[in-house]
Amino acid sequence: MDLLQSSYAPDDASSPEESAAASSPDSSPLRLPSKSAAPAVDDTALALSAAASASRPLDPSLHLVAFNPTADQLWAPIVGPQHPHAPISSASGNRNHKLGHVEDAAVLPFLFDEQYNTFHRFGYASDPSGLHIVGDAQPQAPEPDTVYNLAPSEHKRRRFLAKADNQEEPLPPEAKNPASEEWILHNKQSPWAGKKEAPPAELTEEQKQYAEAHAAKKAEKEARGEGKGERAEVVVKSTFHGKEERDYQGRSWITPPKDAKATNDHCYIPKRCVHEWVGHTKGVSAIRFFPKYGHLLLSASMDCKIKIWDVLESRTCMRTYMGHSKAVRDISFSNDGTKFLSAGYDRNIQYWDTETGQVISTFSTGKVPYVVKLNPDEDKQHILLAGMSDKKIVQWDMKSGQITQEYDQHLGAVNTITFVDNNRRFVTSSDDKSLRVWEFGIPVVIKYISEAHMHSMPSIALHPNSNWLAAQSLDNQILIYSTKERFQLNKKKRFAGHIVAGYACQVNFSPDGRFVMSGIEPGQRLLEMLGRSSQQCNPQWLNFMRYFSCAVFIKGFGLNRHGRFGI
C-alpha cells in the first residue's frame, strides 16, 4: 500500500512532515484521479471534413454517398459548365419543366378563370397559394384587384341603393304578382340592369303602326299554317287541271287508254330523258305509277302538295291534292288505283279519292308516319299498315277507324313495309339496321335478320315473281334476300359500284324482272356527267356539286318506251 500511495502521491509533497501526515491512520482515505482507457483521438480532421462536405456539391453520377447530405445539397445545381448533351432536368436541379418547377394544385374553375383573365388584362396574378404575386406588373394596392372585383365607388353605390330600398314603404299586394306592372316597378334589379324606369304609359304612333303591321303578318302566317303557335286547321281541297273530268262516253279521266298494256313482257334500258314534269316548288319525296297500266304518275313533295300527272298523252298535271300542313313523306295506291294513301310530317295519314280529290278518312297516332301500305289482298283493302317514328307498325281497320293491331319490336323508326308469301307475311326494315319478318295479324317476329356488318336499309323492292327482295343498303350496295321460309341472303347476287351512303335512295325492279334500278348520290351523277372521279376533285368543290346536283336532278323523271320506268 505504501508503494501504491507513493506512486500516486502528488509531485509537490516533498517535505517529511507532509508525508507523515498523509500516512497516518487518522487521516481521510486517498481519492484516485479519473483516467480514460480510450486512446486519445484528434477531432480536428473530422471537423474539417464535415465543414468540407457541407459546402461541396454532389456528383449526380455517384451511386454511393459517404456522408448524409442536406436537402439543399441534394437539389443544388451542378457546379461547373453544363454538358451540352445532358438533359435539362439533371443539370438544373429540381425542375420538371423547361421554365422551372411545376406543381399540381387544386384550383376552382372560377378562381382559375379570375386569375387567368386578370393576368391577361393587368399583367399580374396571384399564385395558387395566394401568398405571392406572379407577373411583370405589380399591383398598386395591398389587396390586388381582379377583373371580377368591383371598384370602391360601385360598392358605395350598391350600399346606398340597398339602404334606400330598406327605408321604402312596404310593398302593395299587387307587387307580389310577377305578371303585374307593380312587380316591375318595385322588384329589385340586378346591378347590370341599370336605373329603374317605369314602363311607357302609352305607345307612340310609329310604335302602334309597327305593332299593327306585325300582328297582321303573324295572323297571315298562322292562317297559312306557318306560325309557331296553334295553327289554323288546314282546309282540304283539290284542284283539277285537265280539260274535263269525263269524256263524251262518260269515262273518268283516271281510266287507262284502250291501247295501254297491263303487263310488259320485255323491258329495255332507257337511253335518254324524254320528259320532265315541273310543278312542285320543293323537293319530291316519292313517286308512284298507277297500278297495272302506269298511265298516271302520282308524286308527293315537300311543298305539302300531291300531284298526279298524265304520262302517255298530254304529260301535264291533272289534279293537285292539298290537305297536309307539312311535307308529305309517302304515298301508296290501292289495287285498282281509285284511291291512295298519303303520310305527312303533320302526323296525319289521309285516304284520298283519286278521281274527285276528296279525303275519305284521316288517321293519326300523334307520331310521324314514315311509310304507309294497304294489304294487297282484294278482300283486305280496308286494312292499313303504317310504320311510325316511335318504332311501331300500326294496323288500322279503315271501315271502323280503329287500331286493330300494333307490331312493336323494332328499336328504331320503321322505314319500309313489304308484303311477301302471298301476302301472309310482311318484311319491315328500320333504322336499327335490322330486318324483321312478321305474320300478318300476329305481333310476333318469326324471323330476325341482324348482323354486325349490316347497315340501315331505307328502301326495299319485291321482285315481280315474288321470290326475291332487293334491299338498298347504306354501305353502297344492293342486297338480295330470298322470300322463302328462311329469308336467306343471296351472297352470289350483290349489286355495288354506286354511292348511296347517307341518302335514302330508292331501288326497284323492271316489270319483267331483268333489271335492277337504283338512285345514286347526286354528286356522283354530276361527276359522271363531267367525266371525273371523286378523287380528282377538291372536297369543297365536290360538296358544292352534291348540293347543286340535288336541285338539278330531283325533279326529272324520264320514261322508257313502255311508259313504265326510267330515270
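By convention here, the first residue in the shown sequence is residue 1.
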Cut-off 3.5 Å, side chains only: do [X] and [Y] have a donor facing an acceptor?
{"X": "His280", "Y": "Ser299", "value": "yes"}
{"X": "Gln506", "Y": "Ser518", "value": "no"}
{"X": "Trp438", "Y": "Thr428", "value": "yes"}
{"X": "Thr416", "Y": "Thr418", "value": "no"}
{"X": "Asp431", "Y": "Asn415", "value": "yes"}
{"X": "Arg319", "Y": "His241", "value": "no"}

Is there side-chain contact between [X] and [Y], with at least one heavy-atom pair below 4.5 Å?
{"X": "Tyr351", "Y": "Met398", "value": "yes"}
{"X": "Gln405", "Y": "Pro443", "value": "yes"}
{"X": "Phe333", "Y": "Leu298", "value": "yes"}
{"X": "Val328", "Y": "Tyr321", "value": "no"}
{"X": "Ile383", "Y": "Leu385", "value": "yes"}
{"X": "His324", "Y": "Ser342", "value": "yes"}
{"X": "Arg251", "Y": "Arg246", "value": "no"}
{"X": "Val236", "Y": "Trp352", "value": "yes"}

Under 3.5 Å: donor-acceptor pair, side chain of [X], backbone of [Y]:
{"X": "Asn335", "Y": "Pro376", "result": "yes"}
{"X": "Gln209", "Y": "Glu206", "result": "no"}
{"X": "Thr354", "Y": "Gly337", "result": "yes"}
{"X": "Ser389", "Y": "Ala413", "result": "no"}
{"X": "Thr239", "Y": "Thr320", "result": "no"}
{"X": "Asp303", "Y": "Thr281", "result": "yes"}
{"X": "Thr483", "Y": "Asn467", "result": "yes"}
{"X": "His455", "Y": "His453", "result": "yes"}
{"X": "Arg329", "Y": "Ser285", "result": "no"}
{"X": "Asp247", "Y": "Gly250", "result": "yes"}

task: Only pairs at least two apart or in different chains count here, so list each side chain to side chain donor-acceptor pair (under 3.5 Å) that has a residue in residues 487-496.
output: Gln477-Arg494
- prompt: Which one of Gln395, Lys392, Lys391 satisfies the side chain to side chain donor-acceptor pair (under 3.5 Å) criterion with Tyr407?
  reply: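 Only one option passes, and that is Gln395.
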message: If the test is side chain to side chain contact (heavy atoms under 4.5 Å, CB included), which one of Val371, Leu474, Val500 qualifies with Pro458?
response: Leu474
- prompt: Thr338: what forms a side-chain hydrogen bond (donor to acceptor under 3.5 Å, both in side chains) with it, not counting sequence neighbours?
  reply: Asp336
- prompt: Would you say the ring centroid of Phe487 lies under 6.0 angstrom from that of Tyr481?
  reply: no
